[in-house]
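As structure tokens, the structure follows; a few thoughts come after it.
Just so you know, these numbers use all the heavy atoms, side chains as well, and skip hydrogens, waters and symmetry mates. Numbering of ligands and ligand atoms starts at 1, following listing order.
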Amino acid sequence: MSMNSTGRPSSPEKISDNKAKNIDNNKAAALLPDEPLLFEIGNSEICGVDLPDINIDNSYLGGFERKSKIELPALSEPETMRHYVRLSRLNMSIDSGIYPLGSCTMKHNPRLNEQMARLDGFMNIHPLQPINTIKGALELMEELANWLINLTNMHSIALSPKAGAHGELCGMMAIKAAHKERGEQYRNIVLVPESAHGTNPATAAFLGYKVKPIKANKNGTIDVKEVISLLDDNIAAIMLTNPNTCGLFEPDIIEIAQAIHNIGAYLYCDGANYNAIMGIARPGDLGIDAMHINLHKTFSTPHGGGGPGAGPVLFSKNLTPFAPIPFIKRDKNELTLVEHIDNNKSFGRLTAFHGQFGMFVRSLSYILSHGIDGITQAAKDAVLNANYVKARLEGEFSAPFGAQHTMHEILFDDDFLKGTGISTLDFAKAMIDEGFHPMTMYFPLIVHGAMLIEPTESESKYSLDYFCDKMLELAKEAKAGNIERFINAPLLAPRFRIDETLAARKPKLKWEGKEN
Ligand SMILES: *Cc1c(COP(=O)(O)O)cnc(C)c1O
């Protein structure tokens, strides 16, 4: 089949092979026209807007000004707008359908958050503005900080990290600084469960630590005995995710924290799954020394294609002196941003400014509109929804860790597909034809062909049932040998099965002229 540069068949007559048979091209084009690149629509010879001629006599660019034509494609305002609106329609989004991407907590992003973030006084401030002109912004950050500290029963917070992975780096840098202060730089090992998100070992390795894996037990969790068997003087920290990436609460966490503290090491908690326990269990009560919270997961700020992350890190009392600057301090009624401290303990500054302020506004808006009762209810509903989906799918899908209840997400493996010739990837692609974003696949690594489903609290029973009905239908079709529905899927999406490895390894980043 001949494809144009966008991967769609270039004309209906040319569609010959099986995978295109189901497509009614005309219908597909009605709402999803094949969208060319701006360079294909536009033309560098014309101008999309009226600009006065300019005559540069005095350049301040020291001879670095462009000599050749810039050759940007010019388009009119409606042409440009249509281009981006059409592209946006090609995207799966939380606004268009259930997005059960395990571990990512793709919950609804309330529009109230957006309104708050667009208030003049929040939207039009600059990080270099004099502090006395942004007292309201500081107060908002302080209020968010207080909520997060109280919810978690931790001692202090660094708001500046800009994602979960960045938060991990922040927490582990504080741990490293604490060891350094005690003259224990020889501690060079970080324990990380085999089920951990890839950012955990990556963070440890980035800071020069050796990563030692911890095996999961047959229930999918970590035994304190297993941890103790790995302990020695060179251990700097353990990085634990709780609830873990199998959607299970680590029941030994308090004993693990004690064992780790007994040898002078620290417990870092990856708090990406805090959605399941917020308002119910407090990390500070579990012996955790540092933990990031993904505001973009737990507290509903848009992520993925929708916006930047924010990964504030909470610290125990012991680690607080080593936390980064800046932080907010209140003296009587005066709020200040502490940007310099002389105790020599803080590991310093992690980012140029103060963090993702727009995300602080959105998360605080989410928190205040829910209240503590609403936040607790959200966690309960997230867990209830996950267990509902688990109960409905269990008969056809295979759960690696048996019949135990799950927290906010459900882990299946590919055992139920054995002998069908269909892989987890094929199954996920068939879900796209049903209008769903696929679940997380092949993660965590400790089960074969993992499928990790997180419905979140924002799905209704109707939408969960619709999802479960379709998932059951797909599982039955797979087992009945209807392999065609899977191996070439997606058949109804704007793009067919693409070679993702090739796309990642050899991305076409440069416009190289029209193909024909
Ligand atoms: C999302 C996630 C991370 C990383 O967070 P980012 O904000 O994507 O950097 C780390 N651990 C787990 C378990 C996650 O789900």
Which atoms of ligand 1 are found less than 4.0 Å from any heavy atom of Ala163? 7 (O), 9 (O)
Partner of Glu500 under salt bridge (charged side-chain N to carboxylate O under 4.0 Å, His left out), picked from Lys506, Lys429, Arg505, Arg495, is Lys429
Does an N or O from Ala272, backbone or side chain, lie closer than 3.5 Å to an N or O of ligand 1? no
Contact (N/O only, under 3.5 Å) between Thr241 and ligand 1: no
Which bit of Lys297 gets closer than 4.0 Å to ligand 1, counting heavy atoms only: side chain, backbone, both or neither? side chain
Does the N or O separation between His296 and ligand 1 drop below 3.5 Å for any pair? yes
Should Asp270 be counted as touching ligand 1, given the test is an N or O pair under 3.5 Å? yes
Do we get Lys390 above Phe412's six-membered ring, with its NZ or CZ under 6.0 Å from the centre and within 45° of the axis? no
Verdict with supporting geometry, Lys461 and Asp465, salt bridge (Lys or Arg N to Asp or Glu O under 4.0 Å): CA-CA 6 Å; Lys461 180 161 181 300; Asp465 278 331; 2.8 Å; yes
With a 4.0 Å cut-off on heavy atoms, is His303 touching ligand 1? no
In terms of atom number and element, which parts of ligand 1 are under 4.0 angstrom from non-hydrogen atoms of Glu168? 10 (C)
Phe397 ring center near Phe416 ring center (under 6.0 Å): yes
Test: Arg349 and Glu339 ion pair at under 4.0 Å: yes
Between ligand 1 and Ser103, is the shortest N or O to N or O distance under 3.5 Å? yes
Looking at Tyr268 and His292, would you say the former's side chain and the latter's main chain have a donor-acceptor pair under 3.5 Å? yes
May I ask you to check if ligand 1 and Ala165 share an N or O to N or O distance below 3.5 Å? yes
In this structure, CD1 of Ile325 is separated from NE2 of His340 (nearest 0.5 Å) by 6.5 Å
Decide yes or no on salt bridge (Lys or Arg N to Asp or Glu O under 4.0 Å) for Asp223 and Lys215, but give the supporting numbers first. CA-CA 9 Å; Asp223 276 331; Lys215 280 205 162 17; over 6 Å; no
For Asn294, is at least one N or O under 3.5 Å away from an N or O on ligand 1? yes
Protein contact of atom 6 (P) of ligand 1 - nearest heavy atom, named by residue and atom, plus distance: Gly164 N, 3.4 Å
